[in-house]
Asker: 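Just dropping this structure here.
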Number of protein chains: 2
Amino acid sequence: MTDVKVGPNPLFLRDEELIQGIELLFYAYRDFTGDPDAVLAEYGFGRAHHRVVHFVSRNPGMSVAELLEILRITKQSLSRVLGQLVERGFIVQKKGTRDRRQRLLYLTETGTDLAASLAEPQKRRVARAYREAGAEAVEGYRKVLMGLIGDGSREAIVRSFRRR
Amino acid sequence: MTDVKVGPNPLFLRDEELIQGIELLFYAYRDFTGDPDAVLAEYGFGRAHHRVVHFVSRNPGMSVAELLEILRITKQSLSRVLGQLVERGFIVQKKGTRDRRQRLLYLTETGTDLAASLAEPQKRRVARAYREAGAEAVEGYRKVLMGLIGDGSREAIVRSFRRR
DNA sequence: ACCTTTACGTCAGTCATGTTGACATATATT
DNA sequence: AATATATGTCAACATGACTGACGTAAAGGT
């Protein structure tokens with residue numbers, strides 16, 4: 001850590017690359033999450049609502065527990081946001097048939113519209129970046145991001161992607 | 001939005017691919033930002049402190065305005081966090097010599113140590129992902145992330161990277 | 001048929017981090 | 001001398017996270 005640059009250190013450059021990799025992630029995420037804010041503000045929602053709507057949109061009929069696992073927040077945190085979305089008619093909860101303790105989550109028609117208009121600016125941004133970078137770069141982008149994801153969740157994500 | 005695939009879209013620009021690109025960014029950022037939490041907790045600091053320490057570490061002598069521009073938060077938000085870091089001896093502020101209104105930011109020795117131990121787990125994560133994905137993938141990762149960054153900041157970031 | 005565990009919800013309090021708006025001070029620029 | 005800029009500060013508030021405790025219904029094991 002406190003090893004000062006001792007002569008021509010090949011590791012120094014490598015360190016710099018890693019930090020740039022970190023900063024790129026920060027900057028991209030910063031700008032990317034800002035995109036839907038205008039839409040959210042129209043509805044009086046925040047980014048937490050966006051995340052919920054997004055993942056329910058992608059996984060209709062998912063359980064609360066599955067959603068919590070993805071978001072990595074407590075149920076108390078989720079409950080407020082989810083409650084508002086249900087109350088205002090963007091999400092409905094249906095008892096599971098196999099396990100009736102579960103409250104499976106679905107978007108309403110309004111919720112689907114919201115999800116679409118939130119996704120739109122982000123898709124546009126990603127599409128532009130993909131187009132400018134080219135298919136091969138996209139492959140690398142995916143590969144590295146996949147490697148950045150913790151071992152615990154990677155498998156589930158890969159599987160969910162393959163189901164498409 | 002509701003434009004179904006009109007004509008032959010290149011595969012990597014299909015809707016599904018774009019959404020996966022979005023989700024990968026979410027998951028990677030989620031896990032990546034969690035890494036230093038343990039270290040932060042030891043000091044009673046949060047992620048906001050981390051960001052400040054990181055960018056001051058990378059840009060010693062930067063002005064408050066520059067930091068605000070990077071973080072994209074208000075000066076009132078920054079002031080609390082920055083104030084704590086100064087008060088507890090991780091950052092010092094020195095009047096600019098060219099422009100004495102500026103309070104230029106520097107890490108103390110303690111601050112440098114903190115920065116290093118916060119960066120460490122993140123660098124390790126990035127290093128692993130880079131290693132597993134290979135140099136070509138890393139090139140693609142960088143290219144795409146750079147494209148995701150808003151036009152306003154991209155240039156400054158490219159320049160800051162080149163200065164290294 | 002019990003007993004325990006699980007899935008989910010809720011109440012209550014707290015904390016971290018962001019926001020707006022108003023105003024103050026020192027210094028630079030015109 | 002007047003204005004603009006860099007920074008700081010006070011105050012009030014919103015969002016989204018947390019912990020801890022407790023409740024209910026349904027599932028699962030004995």
Side-chain angles (χ1 to χ4, degrees), chain A residues 26 29-30 33-34 36-56 61-88 91-106, chain B residues 26 29-30 33-34 36-56 61-88 91-106:
Chain A
F26 166 80
Y29 195 80
R30 179 196 67 181
T33 50
D37 281 353
V39 182
L40 288 167
E42 286 174 31
Y43 291 83
F45 285 145
R47 289 178 183 178
H49 301 86
H50 181 191
R51 290 193 285 272
V52 169
V53 165
H54 172 89
F55 285 108
V56 173
M62 78 191 306
S63 71
V64 172
E66 286 168 338
L67 184 52
L68 287 174
E69 168 58 28
I70 287 177
L71 298 177
R72 297 276 171 85
I73 58 175
T74 60
K75 61 178 178 176
Q76 296 93 325
S77 280
L78 175 59
S79 108
R80 227 174 334 198
V81 166
L82 183 54
Q84 291 166 4
L85 287 166
V86 169
E87 195 189 333
R88 293 181 46 190
I91 286 185
V92 286
Q93 297 178 285
K94 300 184 190 173
K95 283 193 181 178
T97 48
R98 221 189 44 229
D99 183 339
R100 281 170 34 211
R101 291 172 303 183
Q102 295 181 323
R103 296 298 128 88
L104 307 183
L105 305 172
Y106 298 88
Chain B
F26 167 79
Y29 194 79
R30 179 197 66 179
T33 49
D37 282 353
V39 182
L40 288 167
E42 285 174 32
Y43 291 83
F45 286 146
R47 291 176 183 179
H49 301 87
H50 181 191
R51 291 192 285 272
V52 169
V53 166
H54 171 90
F55 285 107
V56 173
M62 79 191 304
S63 71
V64 171
E66 286 167 339
L67 184 52
L68 286 174
E69 167 58 26
I70 287 178
L71 299 176
R72 297 275 171 85
I73 58 176
T74 58
K75 63 178 177 177
Q76 295 94 325
S77 278
L78 175 59
S79 104
R80 226 175 339 201
V81 166
L82 183 55
Q84 290 164 6
L85 287 166
V86 169
E87 194 189 333
R88 293 181 47 190
I91 286 185
V92 285
Q93 297 179 285
K94 299 184 190 171
K95 283 194 183 181
T97 47
R98 220 191 42 228
D99 182 339
R100 279 171 36 211
R101 290 171 305 178
Q102 295 181 323
R103 295 298 127 87
L104 306 184
L105 305 171
Y106 298 87

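Proteins get letters first, then strands, A, B, ... in listed order; numbering begins at 1 in each.
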Asker: Looking at B:H49, I'd like to know whether one of its side-chain N or O atoms comes within less than 4.0 Å of OP1 or OP2 on C:dT17.
Answerer: yes
Asker: Rounding to an integer number of Å, can you tell me how far B:M62 CE sits from D:dT7 C1'?
Answerer: 15 Å
Asker: Residues two or more places apart in sequence or in another chain: which of them pass side chain to side chain donor-acceptor pair (under 3.5 Å) with B:H49?
Answerer: B:Q84
Asker: Nearest heavy-atom pair of A:Y43 and A:R88: which atoms, and what distance?
Answerer: O-NH2, 2.9 Å
Asker: Going through the distances and angles, do A:F26 and B:H54 end up as a side chain to side chain contact (heavy atoms under 4.5 Å, CB included)?
Answerer: CA-CA 11 Å; A:F26 166 80; B:H54 171 90; over 6 Å; no
Asker: Tell me the interatomic distance from B:R47, atom CZ, to D:dG16, atom C1', rounded to whole angstroms.
Answerer: 12 Å
Asker: Whole angstrom is fine here: how far is it from CG in A:L71 over to P in D:dC18?
Answerer: 10 Å
Asker: According to salt bridge (Lys or Arg N to Asp or Glu O under 4.0 Å), who are the partners of B:R101, at least two apart in sequence or on a separate chain?
Answerer: B:D99
Asker: Hey, could you give me each pair passing salt bridge (charged side-chain N to carboxylate O under 4.0 Å, His left out) that has a residue in residues 39-54 of chain B? Not counting sequence neighbours.
Answerer: B:D37-B:R47
Asker: Both A:F45 and B:S79 contact DNA chain D. Which one's nearest nucleotide lies toward the 5' end?
Answerer: B:S79
Asker: Categorize B:Q93 for me: base, sugar-phosphate, or nothing, with a 4.0 angstrom heavy-atom threshold over every strand shown.
Answerer: sugar-phosphate
Asker: Whole Å only: how far is the NE2 atom of B:H50 from the P atom of C:dT17?
Answerer: 12 Å
Asker: Expressed in angstrom and rounded to an integer, what is the separation of B:L68 atom CG from D:dT5 atom P?
Answerer: 16 Å
Asker: Less than 4.5 Å apart, any side-chain heavy atom of A:L105 and any of A:V52?
Answerer: no
Asker: To the nearest 10 degrees, how far apart in direction are the end axes of the helix from C:dA1-D:dT30 to C:dT30-D:dA1, each fit to five base pairs?
Answerer: 30°
Asker: Determine the contact category for B:Q84: base if any of its heavy atoms lies under 4.0 Å from a base atom, sugar-phosphate if only primed atoms, P, OP1 or OP2 are that close, otherwise nothing.
Answerer: nothing
Asker: Please report the distance, rounded to the nearest Å, between CG in A:D37 and C1' in D:dT15.
Answerer: 12 Å
Asker: When the distance from CD of B:E66 to P of D:dT5 is rounded to whole Å, what number comes out?
Answerer: 17 Å
Asker: Check residues 62-69 of chain B and write down every donor-acceptor pair under 3.5 Å in which the side-chain atom is one partner and the other belongs to a residue at least two apart or another chain.
Answerer:
from	atom 1	to	atom 2	distance (Å)
B:S63	OG	B:A65	N	3.4
B:S63	OG	B:E66	N	3.1
B:E66	OE1	B:S63	N	2.9

Asker: Using side-chain heavy atoms (C-beta onward) and a distance below 4.5 Å, is B:R103 in contact with B:K95?
Answerer: yes
Asker: Hey, could you give me the CD1/CZ distance between A:I70 and B:R30, rounded to the nearest 0.5 Å?
Answerer: 8.0 Å
Asker: How does protein contact run along nucleotides 18-30 of chain C, one letter per nucleotide 5' to 3', with B for base contact, S for sugar-phosphate only, - for none, heavy atoms under 4.0 Å?
Answerer: BBBBB---BBS--
